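Notes follow the structure.
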Amino acid sequence: MKFVYPEHHKIKNGYLSKCQICNSKKMHLILDLGHQPLCDSLLTKEMLNNPEKTYPLRMLWCEECSLAQLDYCVDGNEVYHQDYPYRTGITKELVEYLKDMSYSLTRKYDLNQNDLVVDLGSNDGTLLTGFKKNGTKTVGVEPTNIANIANKNNIETIQEFFTSDVADNIKNIHGEASLIIATNMFAHMATLGEVISGIESLLKPDGVFVFENHYLLDVIQGGQFDTIYHEHLRTYSLKSLIKLFSYYNFTITDVERGTRYGGNIRVHVTKGKNRDVSKNVESLLKLEEEFGLYKLETYRKFAERVKRAKNDFMNFILKIKTEGKTIVGNSCPGRSVTLLNYYGVDGDLLPYIAEQPTSLKLNLFLPGKHMPIVNNEILIKEQPDYVVLLAWHYAKPIMEQLKERGLKSNFIIPLPDMTVLEN
């Protein structure tokens, strides 16, 4: 079944001058992070000798609906290439988080063996594993080769981008879905209208779409400019999401805040108009307004804070390098590419980035700055003076694990404000 959606919800590749949600021209440039490479297009040793593609990376804010967005869209096939190196199931804290999420949603919506749960951007099937254990039917949709890992683990996964046609195929084989979920995916795709139409088609009449993403309030409050990269076309406020779903046969019925990614929003969207709405929705809208999320001045202060963070970090690193101290990086999430490229940190300042032994990024090189990504055993062996925790939103468990393994280094946590922790 084909749904008609606004033309501007099919976001074109290249430069964007209008709001991706409401099509307003009242857009303000907040932060220009320069031309940057795609954060998950890591390089092999051979590729270091070739030219590297970069794209504009700028954050804009819409005065009408309070959406933050990029003003340049890179083709999804290029961003989510077949060898995309991100895998959910190797981060212990994330596995636990997703397990809890599957249990809480199963309880909230009283799901059983007759219900179908579909995960969009399902990666290696970690989230669906929890639903399957709870007894529901599951199907994943994942465009990259990570789908193979899920299928090997008996989590049925379709290796494609989600479209209305994919929705129809799932419905024909499995029936309508009671719950569709998307974690860290719903801000990523240019095919916004196509995806929402597919969700509407696939859901039962009272079905629910639940998604999680970075939350604009947390990004601004925490100075988290490193969440801005080409995969994140949009950073939502609740106000902007209410505007988005007003174009479709949906009601935002509940909303929660969480701690994932350094602060996230979980949104419950029920099929049909004029549904009962939780008080949480009104409370969060009020909080956004009180914080100043609908005022340009708030974003100007955020941009100043980002520039200050860059100066503080670079001054500190240059000072300790002058003193002859050793400093290296640890963890290589997508956000680290934005941070290091914007700050201008290269291999002279940070000779390598250490990653856990199960990472798909090992033995590759950071886009843009070309530091090698190596097994984190090297930290225990070399005992550098300072380790920069680039996955700063997981700083506490990472520090605990590394200390347990015998690391004596001091830690630098780059954001929200740079902190140096003596070990």
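Counting from 1, the numbers follow the sequence of the chain as shown. This is a predicted model, so every value here is computed, not measured.
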Item to complete: Please tell me if the side chains of Asn145 and Gln159 come closer than 4.5 Å, counting only heavy atoms from C-beta onward.
Response: yes

Check: So do the side chains of Ser336 and Asp226 get within less than 4.5 Å of each other, counting heavy atoms only?
Finding: no

Measure from the side-chain N and O atoms of Asp312 to the backbone N and O of Ala309, and report whether any donor-acceptor pair falls under 3.5 Å. no

Contacts of His232 meeting ring-ring contact (aromatic ring centres under 6.0 Å, His included) (sequence neighbours excluded), chain-then-number -> His188, His214, Tyr229

CG (Leu216) and OG1 (Thr235) are apart, to the nearest 0.5 Å, by 6.5 Å

Counting only heavy atoms from other residues, nucleotides and ligands, does the tally under 6.0 Å from CD of Glu400 exceed 12? yes

Arg308 meets the side-chain contact (heavy atoms from CB on, under 4.5 Å) criterion, sequence neighbours left out, with Glu304, Arg305

| task | Test side chain to side chain contact (heavy atoms under 4.5 Å, CB included) on Ile199 and Leu120 and set out the steps. | result | CA-CA 10 Å; Ile199 291 166; Leu120 310 182; 3.9 Å; yes

CG of Asn148 to CG of Asn153, rounded to nearest 0.5 Å, is 11.0 Å

Result for side chain to side chain contact (heavy atoms under 4.5 Å, CB included) between Leu116 and one of Leu111, Ile170, Leu179, Ile180 points to Ile170

Review point. Under 3.5 Å, is there a donor-acceptor pair between the Tyr394 and Gln401 side chains?
Key: no

**OP:** Can you establish whether the number of heavy atoms outside Lys45 located under 6.0 Å from its atom NZ is more than 12?
**Re:** no

**Prompt:** Donor-acceptor pair, Glu256 side chain versus Val267 backbone, under 3.5 Å?
**Reply:** no

Exercise. Determine yes or no for a side-chain-to-main-chain donor-acceptor pair under 3.5 angstrom, with Thr253 supplying the side chain and Asp276 the backbone.
Key: no

In short, Lys243 meets Tyr247 closest at the heavy-atom pair O-CD1, 3.3 Å

In this structure, CG of Asn169 is separated from NE2 of His174 (nearest 0.5 Å) by 10.0 Å

Please tell me if the side chains of Asp218 and Asn264 come closer than 4.5 Å, counting only heavy atoms from C-beta onward. no

**Q.** Check: Met185 and Asp119 side chains under 4.5 Å, non-hydrogen atoms
**A.** no

Test salt bridge (charged side-chain N to carboxylate O under 4.0 Å, His left out), reference Asp254, set Arg275, Lys108, Lys279, output is Lys108

Heavy-atom distance under 4.5 Å between the side chains of Lys369 and Asn341, does that happen here? yes

Requested in this report: Output, in order, the C-alpha distance, side-chain angles, deciding distance and verdict of side chain to side chain contact (heavy atoms under 4.5 Å, CB included) for Leu128 and Glu156.
Outcome: CA-CA 9 Å; Leu128 286 180; Glu156 184 184 334; over 6 Å; no

List the steps, then state whether side chain to side chain donor-acceptor pair (under 3.5 Å) holds for Glu194 with Ser164. CA-CA 6 Å; Glu194 175 76 14; Ser164 305; 3.1 Å; yes

Any side-chain heavy atom of Leu339 within less than 4.5 Å of one from Arg335?
no

Check: Taking side chain as C-beta onward, heavy atoms only, is Leu31 less than 4.5 Å from Leu33?
Finding: yes

Rounding to 0.5 Å, atoms CG (Asp124) and OG1 (Thr157) come to a distance of 9.0 Å

Applying side-chain contact (heavy atoms from CB on, under 4.5 Å) to Asn13 and not counting sequence neighbours gives Cys73, Asp75

ring-ring contact (aromatic ring centres under 6.0 Å, His included) pairs touching residues 192-211, sequence neighbours excluded, are Phe186-Phe209, Phe186-Phe211, Phe209-Phe211

key: Flag, side chain of Asn123 to backbone of Gly125, donor-acceptor distance under 3.5 Å   = no

With a 3.5 Å distance limit and no angle check, can you tell me whether Thr136 reaches the backbone of Phe131 through a side-chain donor-acceptor pair?
yes

Exercise for the section: Using atom types as modelled and distance alone, determine if a side-chain donor or acceptor of Thr270 lies under 3.5 Å from a backbone N or O of Val208. Expected result: no

Item to check | Note, Ser331 side chain near Trp392 side chain (heavy atom, < 4.5 Å) | outcome: no

Those residues at least two apart in sequence (or on a different chain) that pass side-chain contact (heavy atoms from CB on, under 4.5 Å) with Asn134 are Ser102, Tyr103, Thr106

*Output, in order, the C-alpha distance, side-chain angles, deciding distance and verdict of side chain to side chain contact (heavy atoms under 4.5 Å, CB included) for Leu379 and Arg405.*
CA-CA 10 Å; Leu379 298 176; Arg405 289 169 61 187; over 6 Å; no

* With distance as the sole test, does Lys361 use its side chain to make a donor-acceptor pair with the main-chain N or O of Leu42 at under 3.5 Å? -> no

Output for pair (Leu350 CG, Leu340 CG), nearest 0.5 Å, gives 6.5 Å

Sorted by chain and number, sequence neighbours left out, side chain to side chain donor-acceptor pair (under 3.5 Å) with Tyr386 holds for none

Contacts satisfying salt bridge (Lys or Arg N to Asp or Glu O under 4.0 Å) that involve residues 46-57 (not counting sequence neighbours) are Lys53-Glu78

For Tyr5, the ring-ring contact (aromatic ring centres under 6.0 Å, His included) test, sequence neighbours excluded, returns none

| message | Between Ser240 (side chain only) and Tyr236 (backbone N and O only), is there a donor and an acceptor less than 3.5 Å apart? | response | no

Residues 340-374 vs ring-ring contact (aromatic ring centres under 6.0 Å, His included), sequence neighbours excluded, gives Phe225-Tyr342, Phe225-Tyr343, Phe313-Tyr343

- Would you please test Leu16 and Met27 for side chain to side chain contact (heavy atoms under 4.5 Å, CB included) and show each step? CA-CA 10 Å; Leu16 309 169; Met27 304 298 293; over 6 Å; no

The side-chain contact (heavy atoms from CB on, under 4.5 Å) partners of Pro205 (sequence neighbours excluded) come to Glu176

**Q.** Polar side-chain atom of Lys171 near backbone of Ser201 as donor-acceptor pair, under 3.5 Å
**A.** yes

Enumerate, atom names and distances included, each donor-acceptor pair closer than 3.5 Å involving a side-chain atom of residues 62-70, sequence neighbours excluded.
{"unit_1": "Glu63", "atom_1": "OE1", "unit_2": "His28", "atom_2": "NE2", "d": "2.8"}
{"unit_1": "Glu64", "atom_1": "OE2", "unit_2": "Lys26", "atom_2": "NZ", "d": "3.1"}
{"unit_1": "Ser66", "atom_1": "OG", "unit_2": "Trp61", "atom_2": "NE1", "d": "3.2"}
{"unit_1": "Ser66", "atom_1": "OG", "unit_2": "Leu293", "atom_2": "O", "d": "2.8"}
{"unit_1": "Gln69", "atom_1": "OE1", "unit_2": "Gln20", "atom_2": "N", "d": "2.7"}
{"unit_1": "Gln69", "atom_1": "NE2", "unit_2": "Lys18", "atom_2": "O", "d": "3.1"}

Query raised in the report: Under 3.5 Å, side chain of Thr163 to main-chain N/O of Val166, donor-acceptor pair present?
Result: yes

Note: Ile11 and Arg234 closest approach over all heavy atoms is CD1-NH1, 3.5 Å

Item to complete: Would you indicate whether Lys310, at its atom NZ, is surrounded by more than 12 heavy atoms from other residues, nucleotides or ligands within a distance under 6.0 Å?
Response: yes

Residue set satisfying ring-ring contact (aromatic ring centres under 6.0 Å, His included) with Phe250, at least two apart, ordered chain then number -> Phe245

